[in-house]
2 protein chains.
Amino acid sequence: MRYEQLADLPCSITRPLVVLGDRWTLLILKEAFAGVRRFNAFQGNLGIPRSRLQDRLGRLVDHGILVRRQADEGEHPEYRLTSKGHDLYPILMAIRDWGDTHMAPDGPPVRYRHRDCAGEARVALACDCCGEGMTAHDVVPEAGPGLVAHLGADLRE
Amino acid sequence: MRYEQLADLPCSITRPLVVLGDRWTLLILKEAFAGVRRFNAFQGNLGIPRSRLQDRLGRLVDHGILVRRQADEGEHPEYRLTSKGHDLYPILMAIRDWGDTHMAPDGPPVRYRHRDCAGEARVALACDCCGEGMTAHDVVPEAGPGLVAHLGADLRE
DNA sequence: CCAAGGCAGTCTCTTTTCGAGACCGACGCG
DNA sequence: CGCGTCGGTCTCGAAAAGAGACTGCCTTGG
């Protein structure tokens, strides 16, 4: 059980990764963003074993990233992104950006175009104050309120 | 072997995920960005089994994301990010952003501050043409050169 | 009414991967 | 020498993943 309890660490990279970090989860979400809603569509597009898909969809629903909606009784259920799930889009776009740069020798297989515009979607890391672009070198980590709360909780134990 | 050959699909999200999509890989990279270089430091910080770490580091080296440098003979080896590895930073920051928003009830445990500035690092999805901010709804996928090349290769088979 | 087919799930069985912890050799130091 | 540290390997039991058959429900068409 060691791995699961990484989620208790006060780190906003580690915690999501415990949910998203496995073979299939982000691929399923990629499909969801592409408009896929049905069990068999996920299964067929990805080639994921059915029991695995069942498990992963359930987990994503548990985490409030997808909702399972069965319109009418006897209707086929649909899996849709919640707004929490929708917020994952920048992660996928950051991955795509890296993929286009480093794993697409023939150029991007897909362009993610801005609707009604000549441009394409890009992720950028920038300062929310001065707006300047940033890289890892410009970043200085510093304790935040969540860490203080976490340490406080430790003391209370 | 079905899973590994997802890497052949012409999709710049799928291809990186085949490399990065597992329990530990992104956590290891997170540590690397935090300045960790030594085998035992990765192992201790993450609690990853030693044999697993060995395997993952080797894989990252094979993919040109890390380099293993052994300064002098008999010196302890170091694992450092290559520039390709360095380019993964926005992915981690996008994950962190989501983590701060949805998995940090007490506020961000760590602030990623802009050096010599009051601000913090943020990832943003924007149009590279008009500069406007974008969400998944504003994105229209469209075939790119990599897809054409891929289809051409298929025909040649 | 019956047969066929699609859909969402479930179950079973085999293979692969993971994890814990011991073990090893090289080096460093008193 | 004895002891500790570091990177790395090995073994073995446990957990997860994969393939594929099977079920139950509903629709459609004859």
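Sequence lines set the chain letters: A, B, ... in the order given, protein chains first and strands last, and positions in each chain run from 1.
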Requested in this report: State, without any angle test, whether His86(A) and His137(B) hold a side-chain donor-acceptor pair at a distance under 3.5 Å.
Outcome: yes
Margin query: It should be established whether Trp24(B) places a side-chain nitrogen or oxygen under 4.0 Å from OP1 or OP2 of nucleotide dC18(C).
Written below: no
message: Between Asp138(B) and His114(A), do the side chains contain a donor N or O and an acceptor N or O under 3.5 Å apart?
response: no
Practice item. Using a cut-off of strictly less than 4.0 Å, decide whether Tyr79(B) has a side-chain nitrogen or oxygen near OP1 or OP2 of dG8(D). Key: yes
Atom CD1 of Ile28(A) and atom P of dA17(D) are separated, to the nearest Å, by 11 Å
Testing dA8(C), dA17(D), dC6(D) for proximity to the side chain of Arg23(A), the answer is dA17(D)
Original post:
Should the pair Glu120(A)-Arg111(A) be classified as a salt bridge under the 4.0 Å nitrogen-to-oxygen rule?
Top reply: yes
Rounded to whole Å, CG of Asn40(A) lies from P of dG24(D) at a distance of 18 Å
Next on the checklist: With a sphere of 6.0 Å drawn around CD of Glu142(A), does it hold more than 12 non-hydrogen atoms of other residues, nucleotides or ligands?
Outcome noted: yes
note: Leu57(A), atom CG; dC7(C), atom P; distance rounded to Å ~ 16 Å
note: Arg59(B), atom CZ; dG8(D), atom P; distance rounded to Å ~ 17 Å
Those residues at least two apart in sequence (or on a different chain) that pass side-chain contact (heavy atoms from CB on, under 4.5 Å) with Asp8(A) are Gln5(A)
In Arg59(A), Gln43(A), Arg56(A), the residue satisfying side chain to side chain contact (heavy atoms under 4.5 Å, CB included) with Ile28(A) is Arg56(A)
Note: contacts of residues 46-56 of chain A with DNA chain C (heavy atom, under 4.0 Å) are Arg50(A), Ser51(A), Gln54(A)
Phe42(B) atom CZ is separated from dG7(D) atom C1', nearest whole Å, by 13 Å
Arg37(B) CZ to dC6(D) P, in whole Å, measures 17 Å
Quick note, Arg68(B) side chain, CB onward, closest among dA8(C), dG8(D), dC6(D) is dG8(D)
Taking Glu4(B) first and then Arg23(A), would you say they form a salt bridge - that is, a charged N and a carboxylate O separated by under 4.0 Å? yes
Quiz item: For Arg2(A) and dG19(C), is the shortest distance between a side-chain N/O and OP1 or OP2 below 4.0 Å?
Solution: no
From CD of Gln70(A) across to P of dG24(D) the rounded distance in Å is 18 Å
